[in-house]
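Only one structure is covered here, and it is reproduced in the block below.
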Amino acid sequence: MELRLYNTFSRKKENFKPIKDNQVGLYTCGPTVYDFSHIGNFRTFIFEDLLKRWLVHLGYKVNHIMNITDLDDKTIKKAKEEGVDLKELTDRYTSHFMEDLKWLKILPADNYPRATEYIDRMIDMIQTLLDKNYAYKENDGSVYFNISSFKKYGNLAKLDLKGQKRTKRINDDEYDKDSPQDFALWKGWKEADGDNVWKAPWGKGRPGWHVECSVMSIDTLGENFDIHCGGVDNIFPHHENEIAQSECSTGKPFVNYWLHSEFLMVDGGKMSKSLGNYYKIEDLKNMNFSAESIRYQLLSGHYRTKILFSFNKKHESDKIIRRLTDFYLLLYENKPIKSLGKSLPGTYLEFKKAMNDDLNTPRALGIFFDWMKTESKKIKDNLSNTEEISSAWNFLKVFNSIFDFIELNRQEVPENIAAMLEIRKEARRNKDWAYSDQIRESIFNEGWLVEDTPDGQKLKKA
RNA sequence: GGCGUCGUACCCAAGUGGCUUAAGGGGGCAGUUUGCAAAACUGUUAUUCGCCGGUUCGAAUCCGGCCGACGCCUCCA
């Protein structure tokens with residue numbers, strides 16, 4: 001029952017074997033900080049978070065690196081539009097990004113290298129590629145990678161570039177290159193770059209986007225490391241180019257497992273900034289989404305299938321989160337004996353099997369919910385002994401360490417709501433149902449749900 | 001034009017040759033409970049897996065054709 005992961009490179013599920021026993025080097029392509037990230041971007045980050053949490057659960061020590069692209073065409077363009085320094089712009093969106101990660105309960109990476117901090121090393125890599133004749137200079141000071149010099153070019157994306165159609169983008173390419181599909185390692189200075197310029201032996205300019213990730217990943221994880229993740233749109237050209245640069249400069253295989261998550265869709269197609277059909281985290285907060293509810297929506301579909309993000313599913317995810325949290329409280333109230341150790345119910349093995357099968361979250365969730373239903377009933381009917389409750393508690397803890405769906409921090413009840421509850425309690429004692437219902441309505445309008453249980457009133461976030 | 005993914009109930013979504021006359025969730029309907037609700041619980045909601053044909057003792061699962069959706073082919077998670 002080993003962990004199997006779908007490797008984009010082989011297009012197959014492969015048994016996962018790290019380079020060093022019990023350690024995993026994980027590189028995940030981070031955001032370009034020229035604007036807020038949208039929920040489509042976060043689908044990928046939540047998938048990567050899930051992968052990391054599962055690896056940790058299996059006992060691996062994970063070294064997780066997520067880069068911050070703070071230097072590229074888009075960041076420069078945006079800073080210029082706003083009339084601010086590049087650093088001011090990228091610092092601003094980096095901090096927004098960090099806040100969003102935290103709000104979504106995505107565990108922090110071990111390191112967030114920024115492109116601007118690695119320019120010397122990028123220059124070194126480009127120089128190496130020039131020395132080895134994998135790259136060439138052009139008159140404007142740019143340096144390009146000659147894709148015909150690397151015969152494995154196209155192996156990741158499974159593209160045969162010779163048979164490709166010349167797309168509009170290639171025809172519109174304004175750079176002077178030997179072959180239109182060669183990509184820039186270094187972009188010679190242009191007026192639009194302003195003072196975002198660095199000096200290299202072959203001329204002034206700035207690094208191309210692809211070389212940034214090659215350098216940062218090699219520098220932080222080594223020339224050959226375990227896992228590199230990103231969205232499917234990064235397969236080509238970004239990751240293809242990374243492989244070319246990295247393997248040609250080091251002479252070693254670059255990454256052992258390439259994992260890519262599919263797109264998040266909205267009606268009409270993929271969510272993207274250029275189409276304008278996207279939601280920022282702030283938009284979702286305004287729609288009253290909780291982080292847990294969003295996590296459920298993004299994880300209840302397998303990471304390699306397209307999922308449709310829709311407000312219509314909010315009810316479904318909200319309800320699941322409530323059921324899970326109720327189950328958590330039920331177990332908590334039944335005082336599991338933690339000292340009984342780490343025993344887990346048999347269902348855990350099925351759950352583990354599903355997760356080990358390329359992180360099959362839909363199946364794993366089905367297994368868990370099925371178990372939760374019967375377990376919950378047993379406890380309510382007092383048919384469960386402390387040992388069983390204890391192992392149920394352990395399983396729930398494991399489950400939550402992977403999915404983080406439970407709302408542990410149910411907010412403090414505001415004073416005015418607490419006061420209304422007291423009045424309602426009195427009204428109920430007097431069997432003044434009309435008044436009682438009226439208060440319930442008022443409390444609901446304040447965003448809280450009152451439930452009358454045998455133990456009295458219970459309050460939940462609506 | 002090249003490459004690739006997908007099509008399972010009202011919706012989301014597993015299952016990829018027999019354990020399945022198809023998990024799980026949401027919604028609907030009926031019931032238990034409740035002052036009424038809510039929550040919870042019980043029952044019910046696909047003899048069928050886009051369509052057509054083939055292979056097989058046996059197919060949602062394999063093969064072929066067709067239809068449809070989506071993605072990539074140097075902005076993109």
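The chains referred to below are lettered A, B, ... by the order of the sequence lines, with proteins before strands, and numbering in each begins at 1. Since the structure is predicted, the reported quantities are computational estimates derived from the model, not experimental observations.
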Should Asp326(A) and Lys460(A) count as an ion pair when the cut-off is N to O under 4.0 Å?
yes
Strictly by Watson-Crick or wobble contacts shorter than 3.5 Å, is anything paired with G18(B), and which nucleotide is it?
C57(B)
Now, which nucleotide makes the Watson-Crick or G-U wobble pair with G71(B), with each of the two distances under 3.5 Å?
C3(B)
Specify the residue among Thr32(A) and Lys380(A) whose closest nucleotide of RNA chain B lies further upstream toward the 5′ end.
Lys380(A)
Assuming nearest nucleotide by heavy-atom distance, tell me which of Cys29(A) and His315(A) is located more 5' along RNA chain B.
His315(A)
Evaluate the side-chain proximity of Ile402(A) to Leu50(A): yes if any heavy-atom separation is below 4.5 Å, no if none is.
yes
What I want to check is whether an N or O donor and acceptor connect the side chain of [X] with the base of [N] at under 3.5 Å.
{"X": "Arg440(A)", "N": "C36(B)", "value": "yes"}
{"X": "Arg322(A)", "N": "A39(B)", "value": "no"}
{"X": "Asn312(A)", "N": "C12(B)", "value": "no"}

Can you check side chain to side chain donor-acceptor pair (under 3.5 Å) on Asn67(A) and Thr69(A), steps first, answer last?
CA-CA 6 Å; Asn67(A) 70 291; Thr69(A) 298; 3.2 Å; yes
Within 45° of the ring axis of Trp54(A) and under 6.0 Å from its six-membered ring centre, is that where the NZ or CZ of Lys352(A) lies?
no
In 5'-to-3' order, the base (B), backbone-only (S) or no-contact (-) status of each nucleotide in nucleotides 17-25 of chain B, using a 4.0 angstrom heavy-atom cut-off, is ------BSB
I want to check one thing: is the phosphate of G15(B), taken as OP1 and OP2, less than 4.0 Å away from some side-chain N or O of Asn360(A)?
yes
Report yes if a side-chain nitrogen or oxygen of Lys158(A) is closer than 4.0 Å to either non-bridging phosphate oxygen (OP1 or OP2) of G2(B); otherwise report no.
no
Please say which of Phe351(A), Phe395(A), Phe399(A) ends up in a ring pair (Phe, Tyr, Trp, His ring centres under 6.0 Å) with Trp371(A).
Phe395(A)
Donor-acceptor contact present, side-chain Arg424(A) to main-chain Asp437(A), <3.5 Å:
no
